[in-house]
Amino acid sequence: MKAPDHIIVGSGINALVCAAMLGGKGARVLVLERNDRIGGCMRTEEITAPGFIHDVMATTFVLFITSPAFAALGGDLARHGLEFCHTATPTGVLRPDGSHATLSTDRAANIAALNRIAAGDGDRHADDVGGIERNAGLLFGLLGGALWSYPTAKLLAGDAWRRGSRGLAAFLGDALVPARGWLESTYQSETIRALWAPWVLHAGLGPEDAFSGQIAKVIAFALEAAGAPIVKGGAKNLLSAFEALITERGGVISTGADVASIIVAGGRATGVRLASGETVHAKKSVICSVTPTQLYGRLLGADAPKDDVEATRKYRYGKGNFQIHYALNKSPAWRGEGLDKVALLHLTPGVDGVSKACNEAARCMLPEVPTICVGQPHALDPSRCPEGKAILWLQLPEAPRHINGDAAGKLEAPTDGQWTEALREAYADRAEAILASHIDSFKDSVIARRAYCPADLEAMNINLVGGDPYGGSSTIDQSFLWRPFKTSRNHQTGIKNLYHIGASTHPGAGLGGGSGFLLAGRL
């Protein structure tokens, strides 16, 4: 192609959304991906046994189907073959004593079910998700909008006028309440508290972190409203649809194209230099969907602004992620009614269990009792495995990036703190023992298992620093106006025509494509 208008480095969800949106406005876009395939954290493979189709990393797309990006692109992606599969029971929790709770996509049914567990807790759930509905304009404007912008200023001014300045301050103060504070002051039932406590982990937070209560309510609202859909046939089909749409709109996607550096001339980004030595120039902009470490280190090198280099040095990455995938010869026989239909089921003792495992991982210890998120793709999409068989997708969100020891005192930490194959499998055995305690004859049903430790995940995607899938710690000081840096302004950088998108930028991690959508709208 001729010199593109925009070069996009990386091909995760934000890069693909940005490329498709810019192409839809007539811009010529070139997407460069260093790996042999596009997708970032979206990757589908037969990693256990033939015929068993696993989403190796990300699998659930509730943030995408509820996003402005999907509203703009969904019809065209569907035209290129994208379909989603759903279940009426998006999430649930199962505790060590067998107590459990599930959430459906029917609010009235949820109110009744939670009230049966503890009188009044269902009504409190209605108040919580109803509060998200009532404040949706402000909440989603801040969660997904360009913060340094006239529309956001107008949104805040309008809300201050409606509530009064003190009322707006009170609302924002309430939004900072940690999940523990919200759950313990709202719900009587430990099981219902346990239903929501693990979800803060999927936002890169812990139950004691500021704002974790509000984000958990937002997740509760989203799950009840839209479920926990997966892509029919695997996330690879979303990537195929994006590739077809971007190509249809005149864009070019190049894999195996490792960008070694960004070309800067006269204080402006003018193109990129590949590891092969080839240079590619852009007429308008270079857009990087990478971590700050990549952008202000490897890609910019000596051209990186000194203040940004210093800010990168202080930028914190979060906990690592650990994944386990199973091919089973039959559907799991859960010891709990209705759990076989749950899309994402958490195994946890409750709020204290999540808190303990988070703290242990933060101290570089292998958690004694990890929080386990169990996905059951076959329950939503039978095409993922042979008839009568099953697959499980396990995510353990509290894995240390560097290992100093084992909280259970049973596994020996490596002297260099690095994950090894033997330690990975031993830790997977720990998680499997918890899983097997809830499923009749589980071990007899296992055809194959494949585990990925944080180091394995980073090897697949260099943006997963230490296996952190959220592009950096998502605590309040590294979110909103302060993501990635305290001086950040939307998706601009200190170099003209160079823009930064991806999980490390506002609105943060997840599969909503928010930063790519926002930047494309601006450009």
In the structure I gave you, are the side-chain heavy atoms of [X] and [Y] within less than 4.5 Å of one another anywhere?
X    : Y    : value
H80  : F242 : no
W393 : L344 : yes
L30  : V280 : yes
P370 : T348 : no
L435 : L392 : yes
K356 : P367 : no
R449 : E432 : yes
V272 : S261 : no

Quick check for you: to the nearest 0.5 Å, what is the distance between [X] atom [atom1] and [Y] atom [atom2]?
X    : Y    : atom1 : atom2 : result
L511 : I13  : CG    : CD1   : 6.0 Å
E360 : L366 : CD    : CG    : 9.5 Å
C373 : W199 : SG    : CH2   : 6.0 Å

If you count every heavy atom of other residues, nucleotides or ligands that lies below 6.0 Å from E412 atom CD, does the total exceed 12? no
Evaluate whether atom CD of E421 has more than 12 neighbouring non-hydrogen atoms of other residues, nucleotides or ligands under 6.0 angstrom away. no
V446/F442 under side chain to side chain contact (heavy atoms under 4.5 Å, CB included): CA gap, chis, key distance, verdict: CA-CA 7 Å; V446 176; F442 174 74; 3.7 Å; yes
What pair of heavy atoms forms the shortest contact from V93 to T191, and how long is it? CG1-O, 3.6 Å
Looking at every heavy atom in both N404 and R363, which two are closest together, and how far apart are they? ND2-O, 3.9 Å
Just by distance, no angles: are the side chains of [X] and [Y] close enough, under 3.5 Å, to form a donor-acceptor pair?
X    : Y    : value
S515 : N14  : yes
S99  : D97  : yes
Q395 : H202 : yes
S355 : E208 : yes
Q376 : W334 : yes
D128 : W182 : yes
T293 : R298 : no
S331 : D340 : no
N110 : E224 : yes

I would like to know whether E398 and K319 meet salt bridge (charged side-chain N to carboxylate O under 4.0 Å, His left out); could you show each step before the answer? CA-CA 6 Å; E398 308 137 333; K319 297 180 292 294; over 6 Å; no
Please identify each residue that fulfils side chain to side chain contact (heavy atoms under 4.5 Å, CB included) with A235, with sequence neighbours left out. M42, T44, D55, F61
Could you go step by step and tell me if H491 and H500 meet the ring pair (Phe, Tyr, Trp, His ring centres under 6.0 Å) rule? CA-CA 5 Å; H491 300 97; H500 190 192; 8.3 Å; no
Start with the C-alpha gap between E45 and K236, add the side-chain angles, then the distance that decides, and say whether salt bridge (charged side-chain N to carboxylate O under 4.0 Å, His left out) holds. CA-CA 9 Å; E45 293 181 281; K236 63 180 180 181; over 6 Å; no
As a quick check of understanding, evaluate side chain to side chain contact (heavy atoms under 4.5 Å, CB included) for N35 and T255, giving each step before the final call. CA-CA 6 Å; N35 289 330; T255 57; over 6 Å; no
Would you sort out whether R430 and E425 count as a salt bridge (charged side-chain N to carboxylate O under 4.0 Å, His left out), showing the intermediate values? CA-CA 9 Å; R430 176 174 295 176; E425 296 306 313; over 6 Å; no
